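A short worksheet on the structure shown next.
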Amino acid sequence: MSLLDDLADVGRAPGGGYARHGFDRAETEMREWFREQAGRRGLDVETDRNGNLWAWWGAPGPDALVTGSHLDSVPGGGAFDGPLGVVSALAAVSRLQDNGFRPARPFAVVVFAEEEGGRFGVPCLGSRLLTGALDPDRARALRDPDGTTLAEAAASAGVDPRHFGRDDIALGRIGTFVELHVEQGRALDVPVGVGSTVLEHGRWRFSFTGQGNHAGTTILRDRRDPMLPAAETVLAARKIASTMDVRATVGRLVPHPGGTNVIPSTVDLWLDARGNSREVVAELTEAAQRAAAAEGCAVTVIEESYGGTVTFDTALRDRLTGLLNAPELPTGAGHDAAILAAHAPTAMLYVRNPTGISHAPEEFAEDADVEEGVVALTRVLEALST
């Protein structure tokens with residue numbers, strides 16, 4: 001908790017919670033904090049070609065045991081999502097060192113870049129680039145709401161975007177990856193659980209184009225207002241998803257030019273869908289096209305990211321549940337561990353969240369449960385590194 005307290009004032013958002021986004025000032029400050037804390041523990045920190053930080057306990061090498069998470073947040077996010085996994089990893093290393101333990105295999109704590117996608121729209125950017133799941137040219141061209149490209153933001157933070165792309169050296173070192181994370185629902189009735197699966201997850205951008213015009217002089221029958229089909233699409237997403245047992249959310253909608261007295265010329269909205277998401281998007285696209293045509297507008301749909309259902313390594317999962325006597329927990333939340341699962345045995349530990357709220361300031365974990373999470377992670381790392 002003292003490590004979390006170090007970060008309590010970094011990147012506070014004006015409306016509550018935190019705004020810590022990939023390569024911005026707050027996230028850069030968090031990364032520098034991580035470097036300093038790793039150095040205190042005798043860990044050597046290196047930055048890979050995609051901006052991920054690796055703190056090595058001993059020499060880097062193959063078949064490494066890796067743990068960690070991310071430090072960025074969603075807009076208005078909570079204090080635990082991401083940082084809890086990083087500070088718990090550092091605390092676990094301290095406990096192992098205090099006990100005189102030394103790993104028998106290479107060992108690293110990792111901080112992945114831009115896991116939330118809160119700035120550039122694509123989640124798990126660092127791990128997707130690392131594994132080759134994201135085209136580096138596309139990544140470099142991603143823009144934040146202010147028009148800054150990922151290439152520009154990375155360069156300003158000292159990461160050369162020309163080197164973005166699959167990193168076979170870093171990827172090839174990972175023998176086992178374990179990520180600790182705060183629970184993002186309210187399914188645990190004990191302090192710690194072990195991850196079993198991650199739901200299929202995708203993000204799509206619906207772009208509606210109409211005719212910008214004067215709000216006071218344009219009579220209704222002469223309007224081609226893209227806000228109307230956009231609004232109908234938001235409502236249709238909830239209706240369609242409810243018939244398919246899918247979690248569908250429109251959390252961002254941006255009209256252009258955005259004036260109160262201006263009929264927008266374009267409206268972009270982003271759909272987050274989890275579980276049978278492509279089926280929902282296919283039906284929703286048809287609904288959006290009908291609504292756009294009725295208003296004399298057009299719509300295009302772009303898939304910005306997608307990941308199928310992930311089942312974590314069963315042998316590793318069973319070993320952890322036996323070691324910790326902990327329940328298994330499926331989740332609809334995405335994680336870097338889910339991206340790495342196709343490349344190395346991967347597991348997740350969850351720390352109980354009594355509020356059941358995440359991606360919001362009310363996200364919470366009790367001190368005692370945070371302690372239990374560190375104890376569990378320490379036991380796991382000791383068992384896996386011998």
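No hydrogens, no waters, no symmetry mates; every other heavy atom, side chains included, goes into these values. All values derive from a computational prediction rather than experimental measurement.
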Does atom [atom1] ([X]) have a neighbourhood of more than 12 heavy atoms from anything else shown, all under 6.0 Å?
| X | atom1 | result |
| --- | --- | --- |
| D245 | CG | no |
| R102 | CZ | yes |
| R247 | CZ | no |
| R162 | CZ | no |
| D137 | CG | yes |

Exercise. Is any side-chain N of the basic residue among D72 and R20 closer than 4.0 Å to the acidic one's carboxylate O?
Worked result: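 Salt bridge absent between D72 and R20.
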Exercise. With a 4.0 Å cut-off, would you call E32 and R35 a salt bridge?
Worked result: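 Here E32 pairs with R35 in a salt bridge, since their nearest N and O are under 4.0 Å apart.
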To the nearest 0.5 Å, tell me how far [X] [atom1] sits from [Y] [atom2].
| X | Y | atom1 | atom2 | result |
| --- | --- | --- | --- | --- |
| C297 | F208 | SG | CZ | 9.0 Å |
| L125 | L130 | CG | CG | 12.0 Å |
| L324 | R319 | CG | CZ | 11.0 Å |
| T47 | L53 | OG1 | CG | 4.5 Å |
| H70 | H335 | NE2 | NE2 | 7.5 Å |
| W57 | R41 | CH2 | CZ | 11.0 Å |

For this session: Evaluate the criterion side chain to side chain contact (heavy atoms under 4.5 Å, CB included) for residue pair V254 and W270; output intermediate values, then yes/no.
Result: CA-CA 9 Å; V254 179; W270 284 261; 3.8 Å; yes
For this session: Output, in order, the C-alpha distance, side-chain angles, deciding distance and verdict of side chain to side chain contact (heavy atoms under 4.5 Å, CB included) for E328 and T321.
Result: CA-CA 7 Å; E328 294 180 11; T321 55; 3.7 Å; yes
For this session: Compute whether any side-chain donor of one residue and acceptor of the other, for N261 and H214, lie under 3.5 angstrom apart.
Result: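 No pair is found: no donor N or O on one side chain lies under 3.5 Å from an acceptor on the other.
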Exercise. T355 and N353: side-chain donor and acceptor closer than 3.5 Å?
Worked result: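 There is such a pair (donor and acceptor under 3.5 Å, judged by atom type) between the side chains of T355 and N353.
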Problem set entry | Passing candidate, salt bridge (Lys or Arg N to Asp or Glu O under 4.0 Å) with E304, options R252, R205, R128, R203 |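 In the set R252, R205, R128, R203, the residue that makes a salt bridge (Lys or Arg N to Asp or Glu O under 4.0 Å) with E304 is R205.
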Exercise. Is the Lys NZ or Arg CZ of R278 less than 6.0 Å from the centre of Y306's six-membered ring, within 45° of the axis?
Worked result: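 Satisfied, under 6.0 Å and within 45°.
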For this session: Decide yes or no on side chain to side chain contact (heavy atoms under 4.5 Å, CB included) for L142 and T149, but give the supporting numbers first.
Result: CA-CA 5 Å; L142 292 171; T149 66; over 6 Å; no
Problem set entry | pair R166-P136: side-chain heavy atoms closer than 4.5 Å |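 Not touching, per the 4.5 Å side-chain cut-off.
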